[in-house]
Amino acid sequence: MKNNSALRSVLTSVVAPAGLLLILLATLVPFFMMNTAWAQQAYPYVYSAGALILLIARLFTPYRGSDMRLKRFHRIESWSAIFFCVAAFFLFYPGAQLRDWLAFTLAGAAIQAITSIAIPSRESKIGK
């Protein structure tokens, strides 16, 4: 039981932020480093790796508590990882444009920002 708790802690505090960081770095490349050939070729793979890492972290760390609102927030947070994976698909789709994957990236980022505020707020209310 303790091993499961340690794995959950590592996934939420190390692996998920690492995936988000890869997504952030790959999102910045088209705006700041498109003159570099290696960056142009690598950023879709870096973005996809970050989206996959985040999705795996979210799938293996579901909320196990009894508070329904907090469970809903965690489920919504998992949807942000799915949005990032859809955006990664558009990076490789031949007919897609910059706005296609960027729209899903912004949607995932908005959900991530909302839940990163709402989850700790709700946890502190439950703890009081």
Nearest 0.5 Å, please: how far is CD1 in Ile53 from CD1 in Ile23? 9.0 Å

Provide the full list of salt bridge (Lys or Arg N to Asp or Glu O under 4.0 Å) pairs with a residue in residues 101-122, sequence neighbours left out, each pair given once. Asp67-Arg122

So which atom in [X] and which in [Y] form the shortest heavy-atom distance, rounded to 0.1 Å?
X: Leu98; Y: Pro30; answer: CD1-CB, 4.4 Å
X: Ala96; Y: Asp100; answer: CA-OD2, 3.3 Å
X: Ala57; Y: Thr61; answer: O-OG1, 2.6 Å
X: Gly50; Y: Leu22; answer: CA-CB, 3.7 Å

Side chains of residues 104-121: which donor-acceptor pairs under 3.5 Å do they make with residues two or more places apart or in other chains?
from	atom 1	to	atom 2	distance (Å)
Thr105	OG1	Tyr47	OH	2.6
Thr105	OG1	Trp101	O	2.8
Gln112	OE1	Arg58	NH2	3.2
Gln112	OE1	Ser80	OG	3.0
Thr115	OG1	Ile111	O	3.0
Thr115	OG1	Gln112	O	3.2
Ser116	OG	Gln112	O	3.2
Ser116	OG	Ala113	O	2.9

Over 12 foreign heavy atoms within 6.0 Å of CZ, Phe32: no

Kindly state each residue pair satisfying side-chain hydrogen bond (donor to acceptor under 3.5 Å, both in side chains) with at least one member in residues 82-97, sequence neighbours excluded.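 side-chain hydrogen bond (donor to acceptor under 3.5 Å, both in side chains) check on residues 82-97 returns Gln97-Arg99.
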
Please say yes or no: joined through hydrophobic side-chain contacts below 4.5 Å, possibly via intermediate residues, are Met68 and Leu70 part of one cluster?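 No; Leu70 is not reachable from Met68 via cluster members.
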
I'd like to check the side-chain contact (heavy atoms from CB on, under 4.5 Å) partners of Leu59; sequence neighbours left out, ordered by chain and number.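 If we apply the side-chain contact (heavy atoms from CB on, under 4.5 Å) test to Leu59, skipping adjacent residues, the hits are Leu55.
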
Hey, could you give me each pair passing ring-ring contact (aromatic ring centres under 6.0 Å, His included) that has a residue in residues 67-86? Not counting sequence neighbours.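 Sorted pair list: Tyr63-His74.
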
